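Reviewing the structure listed below.
Chain letters run A, B, ... following the sequence lines, proteins first, then strands; residues in each count from 1. Computed from a prediction, not measured in an experiment: that's the story for all the values here.
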Amino acid sequence: MLPHDESADLVHRAQRGEAKAFTSLVQAFLRPAYSIALSVVGRPADAEDIAQEAFLKAFQSLDTCREPERFAAWLFQIVRNRARNLLDSRRLRDVAPEGARILEFVTLPPETAGMRESLLSALADLDIEKREVVLLHDLENWTHHEIAEALNISEVSSRQRLFQARQILRVKLCGERTQDGHAGSEKNHAG
Amino acid sequence: MEDRIDFSALDPRRDEVRWTRTVSALVSKAVAERHRRLSIEQQLLRWARPVLAVAAGLSFVSWTAGYLTANRAHRISTVENPAALNLAHWAANNQIPEPSDLYGTLGGN
C-alpha cells in the first residue's frame, strides 16, 4: 500500500486531472478493491466489475474525499456499498436452490479452475470480515498496520481474523481435521 | 510467510495483458470524466465574473429607479394630493367635516 503522504499527493493531483496520478491510484488500489468486492460477492467476475465501477464513482466524487491520506478506506466503503447493492439485486434476480453456491469459471485452464473453485468454496465458509483480512494480507501482501487502517479496525483484530481465517481455510483446502476429528466451518461454529 | 494461503488462482493480474488493458481503460474513462468536470467548472468560473458585474449593475439601476419613484410618489401623496390637503386642513383647524365632504374627499361619487 502507498504511504499516507503519497496517497494524499496522488489524490490531490488526480483532483487536478493529472492522468499519471489516476494511473498510480488505479495500479495501487484496483486489486485491493477487487479483494474487498470478492469478499462480499464471492464471484471474481462480479468483483472485477464492482472494483472498476467503484473506482469510477470514487474518481467522480474525488472532491468529497475528506481525508486523501486515507483514500483506501474511503474507496473500500464505496466498493462495499456497490457490492452489497449487487448482492441485493442478485437475491431478487437469481432463482437458485437455497444453499446452492453460484461460482463462475471463465478463461482459465481446468487445473487452475479447480483450484479457484476450491478457494472460492473455502472462502464462502468465512464471514466477510475475515475474507477481507485474509485476501488483503495473503493476496495483496498488505501488513496488519495497513489492513487495520484501511478497514478501520485494530491491528490485533486484523491478526486475529487472519489467524482464524487461515485455520478455517486450511481445514477446508487441505482436508485437515481438528483434534476432535471434526472439520467444521465458521458458519457451523457460529450457528 | 509459509503460513500464507496461495490465492494466486483468484488473482486477476494473472492475465497480465487483460489486467493492463483494464487499468488503461479505467484510467482513460476516469481522466476523460475528470477533464469534462473541470472544464465545466472552468467555464462557470470564466462566466461568473461578468455575470456578477451585470447583476450588480442591474440591481443598482433597479434600486436607483425604485428610490426616485418612491420619492416622487411620496411628494404626490403629501403635496399634490387634494385629499391629503383637505384632511390636513380639517385636522389643523380642528374641524369635523360633513360626511358628504369626507365621502367626496376620499374619492366617493
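Taking 4.5 Å as the limit, every side-chain heavy atom of Phe59(A) sits out of range of all side-chain heavy atoms of Val31(B). For the pair Glu33(B) and Leu56(A), the minimum side-chain heavy-atom distance is 4.5 Å or more. Phe7(B) is listed as a side-chain neighbour of Leu169(A), based on a closest heavy-atom distance under 4.5 Å. Residues Asp3(B) and Phe163(A) have side chains not in contact (no heavy-atom distance under 4.5 Å, counting atoms from C-beta outward).
Within the model, atoms CD1 of Ile5(B) and NE2 of His137(A) stand 11.5 Å from one another, a figure rounded to the nearest 0.5 Å. For the atom pair Leu10(B) CG and Asp138(A) CG, the distance stands at 11.5 Å (nearest 0.5 Å). Between the CD atom in Gln60(A) and the CZ atom in Arg34(B) there is a gap of 10.0 Å [rounded to 0.5 Å]. Between the CG atom in Leu119(A) and the OG atom in Ser8(B) there is a gap of 8.0 Å [rounded to 0.5 Å]. Rounded to the nearest 0.5 angstrom, Arg16(A) CZ and His35(B) NE2 are separated by 11.5 Å.
For Gln15(A), the parts lying under 4.5 angstrom from a heavy atom of chain B are both the backbone and the side chain. Residue Ala21(A): no heavy atom, backbone or side chain, is found under 4.5 Å from chain B. Heavy-atom distances place no part of Ser24(B) under 4.5 Å from chain A, backbone and side chain included. Looking at Leu38(A), the atoms closer than 4.5 Å to chain B (heavy atoms on both sides) all sit in the side chain, from C-beta outward. Contact annotation for Leu162(A): neither backbone nor side-chain heavy atoms come within less than 4.5 Å of a heavy atom of chain B.
A salt bridge between Arg116(A) and Asp11(B) is absent, with no side-chain N of the basic residue lying under 4.0 Å from a carboxylate O of the acidic one. Remark: Arg18(B) engages Glu48(A) in a salt bridge, criterion side-chain N to carboxylate O under 4.0 Å.
Nearest heavy atoms, Val27(B) versus Ala19(A): CG1-O, 4.1 Å. Here the closest heavy-atom approach between residue Met115(A) and residue Asp6(B) is recorded as CE-O, 4.5 Å.
Although no hydrogens or angles enter the test, the distance criterion places no donor-acceptor pair under 3.5 Å between the side chain of Arg4(B) and the main chain of Asn141(A). Judged by distance alone, with hydrogens and angles left aside, the side-chain atoms of Arg31(A) form no donor-acceptor pair with the main-chain N or O of Pro12(B) at under 3.5 Å.
Among Leu25(A), Val134(A), Leu62(A), the residue making the largest number of heavy-atom pairs under 4.5 Å with chain B is Val134(A).
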